[in-house]
Amino acid sequence: MEKTRLFTLAGRVLKNLFRKPATVGYPYEPARYPERMRGHVEIRIEDCITCGLCMRSCPSQAIQVDRKAGTWTISRFDCVQCGSCVNVCPKKCLTMASGYTAPGTARTSETYTKPQEEKTQPAQGGKPVVDKEKCVYCTLCAKKCPQEAITVDRKEKTWSLDAEKCVECGICGESCPKKAISL
Amino acid sequence: MAKRSIVPFGPQHPVLPEPVHLDLVLEDETVVGAIPSIGYVHRGLEKLVEKRDFKQYVYIAERICGICSCGHGLGYCMAVENVMGIEVPDRAKYLRTIWIEMSRVHSHLLWLGLLADAMGFESLFMESWRLREKILDMFDETTGGRIIHSVNQVGGVQKDMDSTMLNDVLRAVEDLQKELKPVIDTFLQDYTVQSRLKGTGILKRDDAIAMGAVGPMLRASGEPYDVRMLGYAAYGDLSVEPVISTGCDSYARCEVRLKELLQSFDLIREAIGKIPEGPVSVPVKGNPSGEYFVRIEQPRGEAIYYIKGNGTKYLDRFRLRTPTTSNIPPMVEMLKGCQLADVPILILTIDPCVSCTER
């Protein structure tokens with residue numbers, strides 16, 4: 001018994017002497033991040049419609065969206081990398097990227113501003129309006145609406161919008177097979 | 001009668017990173033009583049359910065504790081799904097099972113490392129945590145987070161695992177099982193470990209049941225009670241047998257957790273072999289109205305989730321009873337009669353998770 005223990009011990013000692021360490025010499029050696037890693041949130045601000053869904057869905061209230069100024073602000077130290085904003089974004093302009101944000105000594109926030117020319121484009125924003133002539137009451141828009149703001153009754157042939165819930169994301173217009181909805 | 005004195009234990013103590021306080025009543029070196037007190041890391045997370053959307057709260061439920069994160073998300077989602085009458089797709093159930101079993105492996109390896117560290121067996125501690133890294137890497141690859149996975153959502157899971165990922169998990173499990181063999185042998189056969197664990201912290205089966213012990217603590221007293229037998233998630237299709245030991249001491253609790261590691265490997269393999277194709281989530285419309293109770297087996301034992309919805313997107317109440325809460329009375333009972341030097345290890349054998357307990 002004692003003999004075998006000695007051999008295992010000696011073997012292990014020798015192995016550990018010549019083996020690579022189990023740890024990585026970060027930051028001198030770069031860390032390898034897997035593809036799915038939730039490191040930090042990135043935004044393609046030119047696609048953002050400042051609908052504010054991300055702000056409302058953020059459990060740690062790290063995101064501030066200002067519609068008038070066209071800005072999207074994130075407090076990197078408040079963000080808990082849950083991915084809630086990425087899941088609700090109707091335009092898919094938010095993504096989770098790998099790699100952590102740099103450490104710091106003070107709370108900082110990053111502000112992204114929408115490019116100006118986007119604002120002057122027509123058909124940007126505004127509540128959806130349905131063309132009763134074209135609408136076939138297929139309910140697709142109601143199903144796609146991220147805020148459940150649209151109610152469609154197939155039997156009664158009614159289409160109604162809850163203006164308070166609507167965030168003017170335009171998904172109903174894109175999903176309409178008859179192109180009956182305009183913003 | 002020897003003179004009695006009171007020695008404070010914690011809230012800051014080298015054996016635990018988390019704050020729990022005990023007033024130990026001593027007669028010489030022998031503990032004759034212990035008065036526990038908690039409340040150092042209360043964050044009011046249950047109250048927060050009234051201020052956050054019920055779908056959003058999943059992310060908060062997961063952050064109640066780091067080590068039990070996956071289970072908290074699952075328990076909360078299952079409660080909401082039952083209130084709303086949502087049937088989760090089969091593939092999502094299997095994925096949930098695989099992830100929660102992986103989290104059991106990581107939790108038990110963490111505990112084994114802490115136990116070795118408490119005994120002063122540093123190389124065993126490092127070996128346990130080195131192996132734990134492998135399972136954390138698998139979490140990183142499959143879910144995107146090492147500790148907080150954020151995969152559960154009301155109505156299913158957020159992410160699917162393709163066949164390459166499932167194969168990676170299988171391979172990691174195989175490697176881990178092979179490398180774990182010497183660690184298990186050391187824990188079970190090494191005389192240093194045995195001299196610290198054998199015969200200490202006796203908790204008889206009747207006492208364990210009467211005091212409401214749960215999880216490995218109860219199973220190490222010989223009671224075959226495992227909530228996974230209820231067949232939630234995909235456990236109904238898998239072969240789950242409670243791992244028990246009749247030793248009733250610290251060594252038995254260590255043995256149960258070691259064997260549960262092997263059981264988890266088998267369950268992961270079985271689940272990956274049986275996993276059906278299909279969607280991983282169903283759309284959720286409307287708001288929960290009504291109340292529901294869910295029991296699940298966390299790595300540390302049985303956890304209870306209660307929710308009450310009022311038909312709006314904010315829930316009225318969320319209540320969580322964690323395994324550590326139920327294991328505190330048996331721990332106090334177990335401490336009576338032990339030596340002061342054994343107290344840290346005895347507290348550790350219940351695998352306390354204070355941040356869960358205080359929420």
Side-chain angles (χ1 to χ4, degrees), chain A residues 1-2 4-5 7-9 11-13 15-16 19-24 26 31-41 53-63 78-88 95-100 139 142-151 165, chain B residues 45 48-49 51-63 69 73 123-124 126-134 136-154 158-162 164-165 168 179 182 185-186 189-191 281 283-287 313:
Chain A
M1 176 71 186
E2 284 303 307
T4 52
R5 285 176 59 87
F7 279 126
T8 5
L9 213 66
R12 181 149 298 182
V13 167
K15 215 159 126 195
N16 280 338
R19 198 165 60 172
K20 251 177 53 181
T23 48
V24 177
Y26 183 81
R32 281 186 23 239
Y33 300 124
E35 205 182 307
R36 280 190 177 180
M37 183 201 178
R38 300 190 315 274
H40 63 277
V41 182
L53 274 181
C54 48
M55 175 171 73
R56 268 178 268 169
S57 78
C58 178
S60 60
Q61 297 169 338
I63 301 174
D78 287 344
C79 175
V80 292
Q81 288 97 23
C82 62
S84 178
C85 51
V86 178
N87 290 343
V88 295
T95 43
M96 262 293 173
S98 61
Y100 300 107
T139 72
K143 278 182 193 151
K144 292 271 170 160
C145 177
Q147 282 292 82
E148 298 174 30
I150 300 175
T151 336
K165 280 185 182 171
Chain B
L45 292 179
L48 201 56
V49 84
K51 297 264 165 49
R52 295 286 188 276
D53 183 334
F54 74 96
K55 287 180 193 165
Q56 220 178 22
Y57 192 79
V58 183
Y59 300 109
I60 295 161
E62 280 174 339
R63 281 161 177 80
S69 160
S123 57
L124 194 55
M126 286 185 189
E127 187 67 5
S128 307
W129 280 30
R130 183 180 72 81
L131 295 176
R132 177 172 168 260
E133 265 328 284
K134 289 188 191 295
L136 294 184
D137 285 347
M138 280 330 292
F139 271 129
D140 213 1
E141 191 186 319
T142 56
T143 69
R146 277 160 53 89
I147 302 289
I148 309 282
H149 316 311
S150 286
V151 281
N152 285 304
Q153 66 175 20
V154 178
Q158 287 187 15
K159 287 169 184 150
D160 197 358
M161 279 202 252
D162 56 16
T164 22
M165 263 182 200
D168 283 354
E179 289 194 54
D185 288 349
T186 313
Q189 286 158 23
D190 196 279
Y191 63 91
S281 64
V284 177
K285 291 272 174 190
N287 295 315
K313 62 180 180 176

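So that the names make sense, note that chain A is the first sequence line, chain B the second, and so on, each numbered from 1.
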Region of A:Val88 in contact with chain B, defined by heavy-atom distances below 4.5 Å: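 Neither part.
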Contacting region of A:Arg12 [heavy-atom separation from chain B under 4.5 Å]: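 For A:Arg12, the contact with chain B is made by the side chain alone.
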Rounded distance [0.5 Å steps], OH in B:Tyr57 versus CG in B:Leu45: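 Taking OH in B:Tyr57 and CG in B:Leu45, the distance rounds to 5.5 Å.
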With sequence neighbours excluded, residues passing salt bridge (charged side-chain N to carboxylate O under 4.0 Å, His left out) with A:Arg56: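 A:Arg56: no salt bridge (charged side-chain N to carboxylate O under 4.0 Å, His left out) contacts found.
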Partners passing salt bridge (charged side-chain N to carboxylate O under 4.0 Å, His left out) against B:Glu141 (at least two apart in sequence or in another chain):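 Salt bridge (charged side-chain N to carboxylate O under 4.0 Å, His left out) list for B:Glu141, sorted by chain: empty.
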Pairs of heavy atoms under 4.5 Å with chain B: top-ranked of A:Met37, A:Arg38, A:Glu35: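 Result: the option with the highest number of such pairs is A:Arg38.
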Pick from A:Ser57, A:Ser98, A:Ala22 with the largest number of heavy-atom pairs that fall under 4.5 Å of chain B: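 The residue among A:Ser57, A:Ser98, A:Ala22 with the greatest pair count is A:Ser57.
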Structural part of [X] lying under 4.5 Å from a heavy atom of chain A:
X	value
B:Pro182	side chain
B:Lys51	neither
B:Gln158	side chain

B:Glu127/B:Arg130 salt bridge by N-O under 4.0 Å criterion: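 The answer is yes: the pair qualifies as a salt bridge.
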NZ (B:Lys313) with more than 12 external heavy atoms under 6.0 Å: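 No, because the 6.0 Å sphere around NZ of B:Lys313 holds 12 heavy atoms or fewer from other groups.
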Choice from B:Asp53, B:Ile60, B:Asp160 maximising heavy atom contacts with chain A below 4.5 Å: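 The option with the most such pairs is B:Asp160.
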B:Val58 vs B:Gln153, side chain to side chain contact (heavy atoms under 4.5 Å, CB included): CA-CA, chis, key distance, verdict: CA-CA 7 Å; B:Val58 183; B:Gln153 66 175 20; 5.6 Å; no
